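Atoms within each ligand, like the ligands themselves, are counted from 1 in listed order. Residues: numbered from 1 along the sequence shown. This one's a predicted model, so the numbers in the text were calculated from it and none came from an experiment.
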Amino acid sequence: MAHFDNNNRESWASRTGFILAAAGSAIGLGNIWRFPYMTGEHGGAAFLIIYLIAIVLIGYPVMVNEIIIGRKTNRNPVGAFKALAPQTPWYIVGGLGVFTGFVILSYYAVVAGWSLAYIFKVIASTTTPGINHADVFVGHITSVWEPIFWQALFMVLTAGVIAAGVVKGIQRCVTVLMPVLLVILVILILRAITLPGAGEGLAYYLRPDFSEVTGRTLLGAISQAFFTLSLGMGVLITYGSYLTAKDEVPGNAVSIVGLDTGIALMAGFAIFPAVFALGFEPGAGPGLVFITLPAVFAEMPLGVFFGILFFLLLSIAALTSAISLLEVVAAWLIDEKGWARGKAAAMMGIIIFIVGLPATLGYSVLSGVTTPILDMDLLDTYDWFANSIFLPLGGLLAAIFTGYIWGARNAIDEANKGAVGFRIGAWWGFLIRYVVPVLIIVIMAVGLYDLF
Ligand code: PHE
């Protein structure tokens with residue numbers, strides 16, 4: 001079957017455009033904000049190892065699957081399933097992805113807003129001797145208007161990039177900044193691991209104790225694998241749809257997974273030694289990086305400078321992820337509903353901002369509101385539903401679709417088109433047909449069983 005015609009659709013402007021955009025989507029708050037606190041809440045090294053296994057056995061095959069569904073059909077997630085399996089309900093999987101993107105972005109903008117605010121807050125944190133870093137963070141999130149302002153600003157930035165279009169907006173934004181983030185992380189690691197008492201943190205991060213592993217740990221690890229790689233909701237179907245059959249997939253997917261995992265591991269090396277050396281709690285939850293890293297900056301020469309630069313880059317990393325989330329929703333409205341790009345970006349930006357407000361207010365006006373059974377605050381609840389339920393479910397259904405409906409053989413042939421060097425083989429079909437579905441189903445089952 002030929003590639004579906006879609007003549008006036010944009011394509012990436014250069015060969016590196018796709019990989020930069022996909023890496024830009026993957027690398028974000030998930031690596032630097034969520035990965036360390038998830039690892040800290042789930043006991044350290046044992047979580048880390050399970051997460052790494054999930055990346056290899058589930059993350060990589062699912063990533064290739066989503067990219068080729070997009071490239072083959074040149075469509076948004078809903079249209080892609082409609083094109084590959086016309087007259088069937090499979091397009092609902094794409095719809096689930098669009099919905100999930102909506103939910104994730106609504107609270108992602110809240111945390112990204114914290115990061116924007118910290119570009120300025122970190123100045124006081126690094127220049128006021130004896131300041132209590134936890135108090136600074138709690139003071140920020142429990143105030144009413146300030147976090148809302150930064151959340152709104154972040155949504156405006158995100159919608160602005162999407163309105164500008166795929167090549168001009170997204171691609172331009174991701175080209176130069178990630179290397180700088182990498183350099184700062186290296187500097188932070190060097191400072192953190194040379195703090196007196198850092199060894200205990202390294203041991204916590206690297207010496208596994210599997211006795212504490214429960215169904216919740218496993219579910220946490222796959223939720224992190226999906227979230228950090230931007231899988232399970234159609235970002236890579238959408239970004240893949242701007243590729244042509246000449247573009248390479250299997251090797252690019254390895255690079256994206258490698259970069260993303262590398263940055264998360266580095267964030268852990270910057271944070272855990274500091275957590276133990278400076279007397280913080282690894283299980284502090286979503287505030288962990290906002291409390292720990294300013295304390296490390298305060299211990300460094302030129303700390304203010306590095307602090308400002310760090311939160312600036314973290315905000316940019318969050319922006320390149322957020323635009324991928326909004327792009328999925330926008331591409332669906334543009335392709336399926338005939339909306340203009342600008343209208344889709346603006347309308348969805350506003351609605352997603354409003355949907356996210358309870359997550360922001362959950363620390364101020366709505367503080368103390370927790371969800372039954374989960375016993376989590378509102379932001380954690382958005383996060384849990386999106387990442388522990390919807391993303392793995394989306395990845396699972398897309399794997400079943402490819403393995404049993406589209407056909408693993410067809411998918412492998414599609415994936416290897418344009419491949420230079422590294423190609424996928426029958427092993428990929430085995431992973432997508434058996435390993436991915438069985439692992440996701442079993443882990444979701446034991447994880448949910450543990451809750452109740
Ligand atoms: N991968 C992004 C991050 O790590 C978050 C994200 C999840 C983006 C799902 C798109 C889709 O921050």
contact_flag W33 ligand 1 heavy-atom lt 4.0 Å: no
Any side-chain heavy-atom pair of V111 and F154 under 4.5 Å: no
side-chain contact (heavy atoms from CB on, under 4.5 Å) evaluation trace for W428 with V64: CA-CA 9 Å; W428 183 86; V64 170; 3.6 Å; yes
Nearest neighbour in protein (non-hydrogen) for atom 8 (C) of ligand 1: S230 OG, 3.3 Å
Atoms in ligand 1 flagged as close to T228, the criterion being non-hydrogen separation under 4.0 Å: 1 (N), 4 (O)
S255 versus N252, side-chain donor and acceptor atoms under 3.5 Å: no
Closest approach of any protein heavy atom to atom 2 (C) of ligand 1, naming residue and atom: S25 O, 3.2 Å
Identity and separation of the nearest protein heavy atom to atom 7 (C) of ligand 1: F227 O, 3.3 Å
Nearest protein heavy atom with distance in Å, relative to atom 12 (O) of ligand 1: Y108 OH, 2.5 Å
Exercise: do Y91 and E336 side chains pair donor with acceptor under 3.5 Å: no
Nearest-0.5 Å distance that lies between atom NZ in K82 and atom CZ in R75: 10.0 Å
N or O contact, L29 vs ligand 1, cut-off under 3.5 Å: yes
Close N or O approach (G30, ligand 1; < 3.5 Å): yes
Shortest protein contact, atom 4 (O) of ligand 1 (heavy atom only): A26 O, 2.9 Å
Side chain, backbone, both or neither: the part of R34 lying under 4.0 Å from ligand 1 by heavy atom: neither
Nearest-0.5 Å distance that lies between atom CG in N31 and atom CG in L314: 9.5 Å
From OH (Y107) to CD1 (I104), nearest 0.5 Å: 5.5 Å
Between S241 and T238, a side-chain donor and acceptor under 3.5 Å: no
Numbering as shown, the atoms of ligand 1 that approach V235 to under 4.0 Å (heavy-atom distance): 10 (C), 11 (C)
